[in-house]
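Take a look at the structure set out below.
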Amino acid sequence: MAQKPSIPKGTRDFSPTEMARRNYIFDTIKKVFRKYGYLPIETPAMENLSTLMGKYGEEGDSLLFKVLNSGDFLKKMDVSDLEENKAAKTATKISDKGLRYDLTVPFARYVVQHRNDIRFPFKRYQVQAVWRADRPQKGRYREFYQCDIDVVGSDSLLNETELIRVIDEIFQTLSINITIKLNNRKILSGIAEKINAPEKLTDITVAIDKLDKIGIEKVYEELKSKGIDDDAISQLKPIIGLSGTNSGKLKILATLFNDVEEGRKGVEELNTVLNQLEMLDIKANIQLDQSLARGLNYYTGAIIEVKADDVNIGSICGGGRYDNLTGIFGLPGISGVGVSFGADRIYDTLQELDLFPKQTAGSSRVMITNFGETESLHALKVLEEMQNEGIYAELYPDSAKIQKQMKYADQKAIPFVLHVGEQEIKSGDYTLKNMLTGTQHNFKLSQIISFIKEN
RNA sequence: GUGGUUGUAGUUCAGCUGGUUAGAACGCCUGAUUGUGGUUCAGGAGGUCGUGGGUUCAAAUCCCAUCUUCCACCCCA
């Protein structure tokens with residue numbers, strides 16, 4: 001026990017059973033992505049730190065896994081940095097690569113770098129691991145998979161609508177009941193402007209984002225502590241506590257923003273998307289939530305977040321529109337919108353709700369028992385013929401006791417066992433045992449093949 | 001990053017305020033069944049008590065450090 005090898009904190013191994021389930025999620029998601037015209041790309045696990053740093057706020061930088069430079073990385077280091085305990089400063093000197101923190105920033109880098117080869121609007125999906133040096137807990141890992149889908153080079157709100165359709169179809173296929181929460185960064189900006197505190201936008205959004213977690217009174221307290229005066233807070237009250245139907249909320253916001261250009265634009269955008277959605281057959285709950293902020297400082301328009309209705313695991317999908325992400329890398333004027341599906345949280349959700357398909361995908365349908373050297377030669381030929389017919393089959397590799405071989409088949413849940421022993425070889429009729437019912441009969445190989453194919 | 005929590009056989013856990021050979025269930029292996037699994041019966045193997053240090057005549061048990069687990073905060077998929 002003590003000297004057992006282990007893996008780093010917050011990382012996981014995946015067994016064959018878990019992989020079958022994970023692939024079920026990935027396959028479902030990818031299939032829907034492709035159906036809507038998105039194509040896959042991949043980017044390296046490592047990016048230059050200059051690409052990653054400063055894109056996720058101050059908090060994000062400290063959550064980046066940094067990769068130590070090769071060779072004599074100490075050369076560039078300044079001893080005084082160590083003495084003053086400047087961890088951050090030292091880090092930039094001994095490390096210039098980092099593991100990707102999400103898929104959006106590497107994608108922005110990709111778009112800028114390959115701008116001449118890309119036909120806009122560019123619709124891509126990307127399913128890869130990301131790493132965060134976060135402290136792990138339920139539904140939070142240090143290595144986890146994101147399934148991203150983005151459109152860049154198009155301002156149309158049809159893209160927002162399409163993403164919501166993609167979300168709806170994926171979770172419907174997975175049988176997860178969800179609520180899609182929508183907001184617009186312009187509404188948040190409008191609120192800040194309305195109360196004459198545009199520079200407090202981040203503080204305001206961070207505070208009201210916690211609304212359903214800490215309650216409205218605590219939100220006021222936090223706003224106050226951030227230096228927002230009582231007058232402004234009292235103006236905020238009717239906005240934050242807004243309830244009712246989506247269209248009702250929008251009406252109230254619209255009148256509120258009669259003198260705030262930015263806010264009006266946000267209302268308009270949400271209205272357009274909601275109108276488009278109304279024409280379509282969307283199963284998920286769509287909920288306007290003016291407290292939804294999602295902290296990411298690069299969102300400029302729509303903000304989207306998905307929560308599972310029946311499991312408390314945080315958001316399982318989120319995203320939004322970012323007008324100027326590629327601008328950071330020197331290509332301004334390209335707008336993008338995208339969402340990210342959290343495969344690991346979707347896994348935990350399906351697990352908790354017992355929604356994984358029962359069949360053990362990929363396992364053999366038939367196992368041939370091994371009766372010894374001469375018999376196994378004959379069995380090898382039988383195996384080949386069955387596999388050529390597309391049947392998932394395996395031959396037990398050792399001539400162990402039949403009892404042991406049967407137990408192996410039983411535990412791997414292989415539904416059929418085929419005995420190719422001395423008697424069978426002589427007669428040409430092989431014994432096929434149904435492991436579920438326990439019955440067995442003798443058939444010619446061609447009959448067995450068509451029987452297994454049918455069942 | 002801050003505060004708390006967990007770690008004993010392959011697995012889930014028991015082990016009272018430190019006391020002598022550390023237990024159970026399930027699983028595993030062997031046999032009853034040398035060509036038949038899932039049930040039953042009989043027997044068996046398996047633990048430097050996360051790791052390192054300390055206190056003590058004596059530590060799984062107390063103390064410190066470290067790693068790990070889970071939880072809250074921060075933040076997020």
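Below, read A as the first sequence line, B as the second, and so on, with proteins coming before strands; counting in each chain starts at 1. Note that the coordinates shown come from a computational prediction; the quantities given were computed from them, not determined experimentally.
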Original post:
Just by modelled atom types, is the A/Pro397 backbone N or O under 3.5 Å from a matching donor or acceptor in the A/Asn370 side chain?
Top reply: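 Such a contact is found between A/Asn370 side chain and A/Pro397 backbone.
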Subject >> Any donor-acceptor pair under 3.5 Å from A/Asp323 side chain to A/Gly301 backbone >> reply: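 Checked: no pair found.
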Base [N] paired with [X] side chain (donor-acceptor, <3.5 Å):
X: A/Arg135; N: B/rC75; answer: no
X: A/Arg132; N: B/rC75; answer: no
X: A/Asp410; N: B/rG37; answer: yes

Considering only atom [atom1], compute the distance from [N] to [M] and round it to an integer number of Å.
N: B/rU33; M: B/rG43; atom1: C1'; value: 16 Å
N: B/rA9; M: B/rA14; atom1: P; value: 12 Å
N: B/rU21; M: B/rA42; atom1: C1'; value: 25 Å

Original post:
Using 30° and 60° as the class limits, which term best fits the ring planes of A/Tyr322 and A/Tyr299: parallel, tilted or perpendicular?
Top reply: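 Ring orientation, 0 to 90° scale: tilted.
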For [X], answer base if it contacts any base atom (sugar-phosphate contacts may also be present), sugar-phosphate if it contacts only those atoms, and nothing otherwise; contact means non-hydrogen atoms under 4.0 Å.
X: A/Glu424; value: base
X: A/Gly10; value: sugar-phosphate
X: A/Cys147; value: nothing
X: A/Lys433; value: base
X: A/Lys401; value: sugar-phosphate
X: A/Ser315; value: sugar-phosphate
X: A/Gly60; value: nothing
X: A/Phe371; value: base
X: A/Gln411; value: sugar-phosphate
X: A/Leu436; value: base
X: A/Tyr141; value: base

Rounded distance (Å) that lies between atom [atom2] of [N] and atom [atom1] of [X]:
X: A/Lys426; N: B/rG35; atom1: NZ; atom2: P; result: 14 Å
X: A/Ile29; N: B/rA77; atom1: CD1; atom2: C1'; result: 11 Å
X: A/Leu99; N: B/rA77; atom1: CG; atom2: P; result: 18 Å
X: A/Gln403; N: B/rC28; atom1: CD; atom2: P; result: 12 Å
X: A/Asn370; N: B/rU34; atom1: CG; atom2: P; result: 18 Å
X: A/Leu63; N: B/rA77; atom1: CG; atom2: P; result: 11 Å
X: A/Ile7; N: B/rC67; atom1: CD1; atom2: C1'; result: 14 Å
X: A/Lys9; N: B/rC71; atom1: NZ; atom2: C1'; result: 13 Å

**OP:** Taking the six-membered ring for Trp and the single ring otherwise, decide whether the centroids of A/Tyr347 and A/Phe14 are under 6.0 Å apart.
**Re:**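 Centroid separation for A/Tyr347 and A/Phe14: 6.0 Å or greater.
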**OP:** State yes or no: are the ring centers of A/Phe171 and A/Phe341 separated by less than 6.0 Å?
**Re:**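 Yes.
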Original post:
Given B/rU69, is OP1 or OP2 found less than 4.0 Å from the side-chain N or O atoms of A/Gln137?
Top reply: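 The answer is no; no side-chain N or O of A/Gln137 sits under 4.0 Å from OP1 or OP2.
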**OP:** Check whether any side-chain N or O of A/Lys138 sits under 4.0 Å from OP1 or OP2 of B/rC70, and answer yes or no.
**Re:**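 No, A/Lys138 has no side-chain N/O under 4.0 Å of OP1/OP2 on B/rC70.
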Original post:
To the side chain of A/Lys407, which of B/rA72, B/rG35, B/rG37 is closest?
Top reply: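 Selected nucleotide: B/rG37.
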**OP:** Select one nucleotide: of B/rC75, B/rG37, B/rG35, the one nearest the side-chain heavy atoms of A/Asp134.
**Re:**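 Of the options given, the side chain of A/Asp134 lies nearest B/rC75.
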Original post:
Just wondering, are more than 12 heavy atoms of other shown residues or ligands nearer than 6.0 Å to CD in A/Glu422?
Top reply: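 Incorrect, the count does not exceed 12.
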**OP:** Using a cut-off of 6.0 Å, state whether more than 12 heavy atoms not belonging to A/Met53 lie near its atom CE.
**Re:**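 Enclosed.
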